[in-house]
Every structure is written in C-alpha cells, then in structure tokens.
Amino acid sequence: MTQQLTEQTTRRPAAAAQPVRWAADTVATMREGARVRLDYSARSLWRVDRMIEEIRREGAPYAAMESELRGFGAYAGEVIARQTGGEWWATGGEHWLRTPEGRLWDPIDEARRCFGGDGSLRLLCRDAVNGVRR
C-alpha cells in the first residue's frame, strides 16, 4: 500500500508538468502573437473554441495544427483543474484530467474534436464543472 501511494504521489506532479507547460506556452503565444488574453477562466474557453473554428475554416492542415491543438486542450484542462480541483494524469504519453469525483476528461482530444468541427472546450468545461459524463 505504501509503495502504491508513493508511486501515485510521484506520478501526479510528473503528469501535470507537461500539460501545465503546454497551457502556459499557449497563453503566452496567444498574448504575443494573436493579441488574445487568456486568463484561465471558463469564459475564456469561448474564445479558444472560436479561434480553433477560425483556423479550421481557413483550411489549416491538421498536421500543422497538432501542437497548437495540444496546447489549447491543455489550457482547457488547466481551466477545468482550477475550477474543480482536478488533477492531470498520464499513461503511455496520453494526458487527461481526473476531477475530484473520479471522472476522467480528455481536453486535449476535445481540442482535436473541435478542429474536426465536432467538439467544444467550453462545453467540456461546463460538463466537468457540473460533474456531467460525456
């Protein structure tokens, strides 16, 4: 039991390190490049959804957007974590968020779905904050 707790304790901070950095990089890039201020509020996800939609409409190839989508998803995950007290978890290179009631959310995949025209980071956050399964 003690070994399991130790593994979980050391794994959690490591799991959060990458998404937290991706989110911070996205905030800085949007501020400097697009002159858009992201403040880690649920309301800011509306702007992120709109940016992803605009990029998709412009016809940007997915391969060119993969890193940015990861950053947008990580940003949404950080918004959810701050709103709910959730924690980042990682396995096999994939990152997702676990909210206190034990539900798992995949904001990085949701950003990819947004780019495909079938997702919303704002609605994912709303559902996570309200504890709704998606």
Side-chain angles (χ1 to χ4, degrees):
M1 178 75 168
T2 304
Q3 182 180 10
Q4 181 182 9
L5 289 175
T6 303
E7 288 173 9
Q8 287 177 351
T9 302
T10 58
R11 184 175 38 161
R12 288 179 188 170
Q18 284 185 310
V20 168
R21 185 178 67 242
W22 296 331
D25 289 348
T26 296
V27 169
T29 299
M30 290 298 100
R31 182 183 60 240
E32 294 166 12
R35 304 283 189 241
V36 174
R37 185 173 183 275
L38 299 177
D39 61 3
Y40 293 96
S41 68
R43 184 177 180 98
S44 70
L45 293 175
W46 180 82
R47 277 181 262 157
V48 174
D49 279 346
R50 283 192 52 205
M51 284 189 286
I52 293 172
E53 175 63 22
E54 288 173 18
I55 293 166
R56 184 177 70 81
R57 283 189 197 166
E58 291 172 1
Y62 175 80
M65 292 302 303
E66 193 168 0
S67 178
E68 286 80 4
L69 293 171
R70 181 187 65 199
F72 287 139
Y75 172 77
E78 276 301 291
V79 171
I80 294 168
R82 292 173 185 208
Q83 296 269 325
T84 66
E87 294 181 310
W88 283 102
W89 290 77
T91 299
E94 296 293 320
H95 295 82
W96 61 90
L97 201 70
R98 182 172 186 233
T99 49
E101 74 281 354
R103 294 191 175 134
L104 296 175
W105 305 87
D106 193 345
I108 295 172
D109 188 56
E110 189 71 12
R112 294 178 189 128
R113 289 171 31 98
C114 289
F115 187 72
D118 187 35
S120 170
L121 295 172
R122 179 182 56 84
L123 295 178
L124 180 76
C125 180
R126 183 199 66 191
D127 291 350
V129 168
N130 292 330
V132 176
R133 274 201 198 277
R134 279 183 62 117

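All residue numbers refer to positions in the sequence shown, counting from 1. Note that the coordinates shown come from a computational prediction; the quantities given were computed from them, not determined experimentally.
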Might you point out which heavy atoms bring [X] and [Y] nearest each other, and give the distance in Å?
X: Ala42; Y: Gln83; value: N-NE2, 4.1 Å
X: Pro19; Y: Trp88; value: CB-CE2, 3.4 Å
X: Val79; Y: Cys125; value: CG1-SG, 3.9 Å
X: Glu110; Y: Gly119; value: OE2-CA, 3.3 Å
X: Thr99; Y: Thr84; value: CG2-OG1, 3.5 Å
X: Pro107; Y: Gly77; value: CG-CA, 3.6 Å

Q: Tell me, please, which residues at least two apart from Arg21 pass salt bridge (Lys or Arg N to Asp or Glu O under 4.0 Å).
A: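 Per chain and number, Arg21 pairs via salt bridge (Lys or Arg N to Asp or Glu O under 4.0 Å) with no residue.
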Q | Qualifying residues under ring-ring contact (aromatic ring centres under 6.0 Å, His included), relative to Trp96, sequence neighbours excluded | A |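 Result, ring-ring contact (aromatic ring centres under 6.0 Å, His included) vs Trp96: none returned.
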To the closest 0.5 Å, what do you measure between [atom1] ([X]) and [atom2] ([Y])?
X: Ser41; Y: Arg47; atom1: OG; atom2: CZ; answer: 6.0 Å
X: Leu97; Y: Asp106; atom1: CG; atom2: CG; answer: 9.5 Å
X: Met30; Y: Asp25; atom1: CE; atom2: CG; answer: 11.0 Å
X: Asp49; Y: Leu124; atom1: CG; atom2: CG; answer: 9.5 Å

What donor-acceptor contacts under 3.5 angstrom involve side-chain atoms of residues 51-58, with partners at least two apart or in another chain?
unit_1	atom_1	unit_2	atom_2	d
Glu53	OE1	Arg56	NE	3.3
Glu53	OE1	Arg56	NH2	3.0
Glu53	OE2	Arg56	NH2	2.9
Glu53	OE2	Arg57	NE	2.8
Glu53	OE2	Arg57	NH2	3.4

Q: Look at the side chain of Arg31 and the backbone N and O of Arg37, then say whether any donor-acceptor pair between them is shorter than 3.5 Å.
A: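 No, the answer is negative, given that no donor and acceptor are paired below the 3.5 Å cut-off.
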Q. Is there a chain of hydrophobic side chains (I, L, V, M, F, W, Y, each step under 4.5 Å between heavy atoms) that links Ile80 to Leu121?
A.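 Ile80 and Leu121: separate clusters.
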Q. Are Val48 and Val36 grouped together when hydrophobic residues (ILVMFWY) are joined by side-chain heavy atoms under 4.5 angstrom apart?
A.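 Yes, it is one cluster - the side chains of Val48 and Val36 are joined through contacts under 4.5 Å.
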Q. With sequence neighbours left out, which residue pairs that include part of residues 20-60 fulfil the ring pair (Phe, Tyr, Trp, His ring centres under 6.0 Å) condition?
A.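 Found Trp22-His95, Tyr40-Tyr75.
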Q: Could I get the full list of side-chain hydrogen bond (donor to acceptor under 3.5 Å, both in side chains) partners for Asp109, not counting sequence neighbours?
A: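 Not a single residue meets the side-chain hydrogen bond (donor to acceptor under 3.5 Å, both in side chains) criterion with Asp109.
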Got a list of side-chain donor-acceptor pairs under 3.5 Å for residues 60-71, not counting sequence neighbours?
unit_1	atom_1	unit_2	atom_2	d
Tyr62	OH	Arg112	NE	3.3

